[in-house]
Protein chains: 2
Amino acid sequence: MNTLSPRPVIVAKPSSASHCIECDARHRSVCNAIGERDLERLAAVANPRRLERGQVFIEEGRPAIDFFNITSGTVKLYKMLPDGRQQITGFAGSGHFLGLAVSETYAFTAEAIEPIELCRFSRPKLRTLLDDFPALEKRLLETACNELVAAQEQMLLLGRKTARERVASFLATRYSESSTCGPLSGRISLPMTRAEIADYLGLTIETVSRTLTRFKSEGKIALPSRDEVELLDPHWLLDVAAGQDSRAASFV
Amino acid sequence: MNTLSPRPVIVAKPSSASHCIECDARHRSVCNAIGERDLERLAAVANPRRLERGQVFIEEGRPAIDFFNITSGTVKLYKMLPDGRQQITGFAGSGHFLGLAVSETYAFTAEAIEPIELCRFSRPKLRTLLDDFPALEKRLLETACNELVAAQEQMLLLGRKTARERVASFLATRYSESSTCGPLSGRISLPMTRAEIADYLGLTIETVSRTLTRFKSEGKIALPSRDEVELLDPHWLLDVAAGQDSRAASFV
DNA sequence: CGGGCTCTTGATACGCCTCAATGCCCGTGG
DNA sequence: CCACGGGCATTGAGGCGTATCAAGAGCCCG
């Protein structure tokens, strides 16, 4: 509904031969299915690249010839309707594997929302890698299952939650995910714009903004800067996210 | 939002030793990854059952100890909020594999919406089967990917489509899926109630009903009976589903 | 110290939900 | 065979939450 998608081009290309060894994302990603002594094999087919904000590297409807592993930064995945309405189906960060498609074409578009680094794998090369390392295929199945679970949760959000609950869910999820890779503070970062949050939650920019402002005036969050939120009452947020808002219905 | 979920119990248990050979769903399901001569192995761990409408066989939050393959009939998969709001994340028919979970617990509830037949697999037995037949694991990954694509499409529907577009999408999808397993007529069956359609599309019963009535009065569909729809203009429906409704905006 | 963003805030409109009544279908029993 | 009852579906009237439209405020960067 917001933003019109930009030009699809790939740039840069740094890194050396066996870059996989020193890859930050390795332990988080499916690549950890491959032992340290086989990393050369992996590095041989992994093609590292660097992209800037706004660059599209997977485009809905285009032939699915490559697969990607995000090694740094965040991307958004989205689908669009012909009139420009847009639904972001997820944000993918470091360690995320993208482009798994049975079909001949991609089902969504992927675009960097900040400077990112990623590894590209061509379809046939990934295929041989999968054949040689069955553990990798198992890991892929695992991550696919986890994504399915997340997708179902998001359907519940989009189909049945109020704006208030959606925003609370979004903050709560960001909170719990950020806490898995760093010290647990109430502070979370939002690398995406309000428009992107809105397109992710099935709302408008204005509603997202109003809801955040309301949380702030209720003393539940603080907004120190444009892209940071401080959760002053995480437990309360979780309740709202789950539909347990005390200020909602519940006529007891 | 509608309906309160019923009691969880499993009943019946027909069929003989090597039932897999004569299973209607075999060719459609992941079981087709196993050759005919190994079907005995499969049959040994597949536990067939019969369930009636309303019976729950997977319950959100419960330990994920079994996996299921639907061999006949239709089930609904849903998630619920504590106050009863419900989102159906999908309908699964013959050949559909269910319960794939990495987590210790199920992420959704599965309930028969008509009399069904299914096969149950215990987790450890499925595990050994997967180890012995890598092709089965590949098939599972394939189906998981397909479900992810469907889930993303549904997120677009729930987040950005109007009621009109949602109902049109629903009919169009049912149409194209039914045509893959039978003669291509404009007639589709709806084994689910209006309430279930509503919970699938993120709408209310009334809105679903009104929208169908409106399509009918516009001459685009016919409603010969409660659970049947005749598509009189499939192409038009597809356009509406894709957000190309001529009667909507588009101020040209 | 403007220019162009994104974000916030306000006023109003509208689509869908809610509540309520009626209609239809079908199984049950007289 | 028909009256009755209970589900489910349809239809109507009105309200609410979020979208839409429109300024204005804050921020970054040259």
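Just so it is clear: chains get the letters A, B, ... in the order the sequence lines come, proteins before strands, and each one is counted from 1. What you see is a predicted model, and the numbers here were worked out from it, not measured in a lab.
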Just the rounded figure in Å: distance from P of C:dT6 to CG of A:Asp227. 14 Å
Please state how far atom CG in A:Asp199 lies from atom C1' in D:dA19, giving the value in whole angstrom units. 13 Å
B:Lys79: which residues meet the salt bridge (charged side-chain N to carboxylate O under 4.0 Å, His left out) condition with it, sequence neighbours left out? A:Glu153, B:Glu60
Divergence of helical axes at both termini of the helix from C:dC1-D:dG30 to C:dG30-D:dC1 - five pairs an end, 10° steps: 30°
Distance, rounded to the nearest Å, where A:Leu190 contributes CG and C:dC7 contributes C1': 13 Å
Find the distance A:Glu228:CD to D:dC27:C1' and express it as a whole number of Å. 15 Å
Could you list the residues that satisfy side chain to side chain contact (heavy atoms under 4.5 Å, CB included) with B:Ser94, not counting sequence neighbours? B:Ala25, B:Arg28
Ignoring hydrogens and geometry, is there a side-chain-to-backbone donor-acceptor pair from A:Thr71 to A:Glu117 under 3.5 Å? yes
Check ring pair (Phe, Tyr, Trp, His ring centres under 6.0 Å) between A:Phe108 and all other residues, then give those that pass, not counting sequence neighbours. none
Using the side chain to side chain contact (heavy atoms under 4.5 Å, CB included) criterion, which residues pair with B:Ser225? Sequence neighbours excluded. B:Asp227, B:Glu228
Nearest whole angstrom, please: distance from the C1' of C:dT6 to the CD1 of A:Ile113. 15 Å
For A:Arg187, enumerate each residue passing the side-chain hydrogen bond (donor to acceptor under 3.5 Å, both in side chains) test, keeping only those at least two apart in sequence or located in another chain. A:Glu230
d(CG, A:Leu158; C1', D:dT18) in whole Å: 15 Å
Apply salt bridge (charged side-chain N to carboxylate O under 4.0 Å, His left out) to A:Asp66 and list each qualifying residue two or more places apart in sequence or on a separate chain. A:Arg120
For B:Thr143, side-chain hydrogen bond (donor to acceptor under 3.5 Å, both in side chains) partners two or more places apart: none
Summary of protein contacts for nucleotides 6-17 of chain D, nucleotide by nucleotide, where a base hit scores B, a sugar-phosphate-only hit scores S (4.0 Å, heavy atoms): -BBSBBBB----
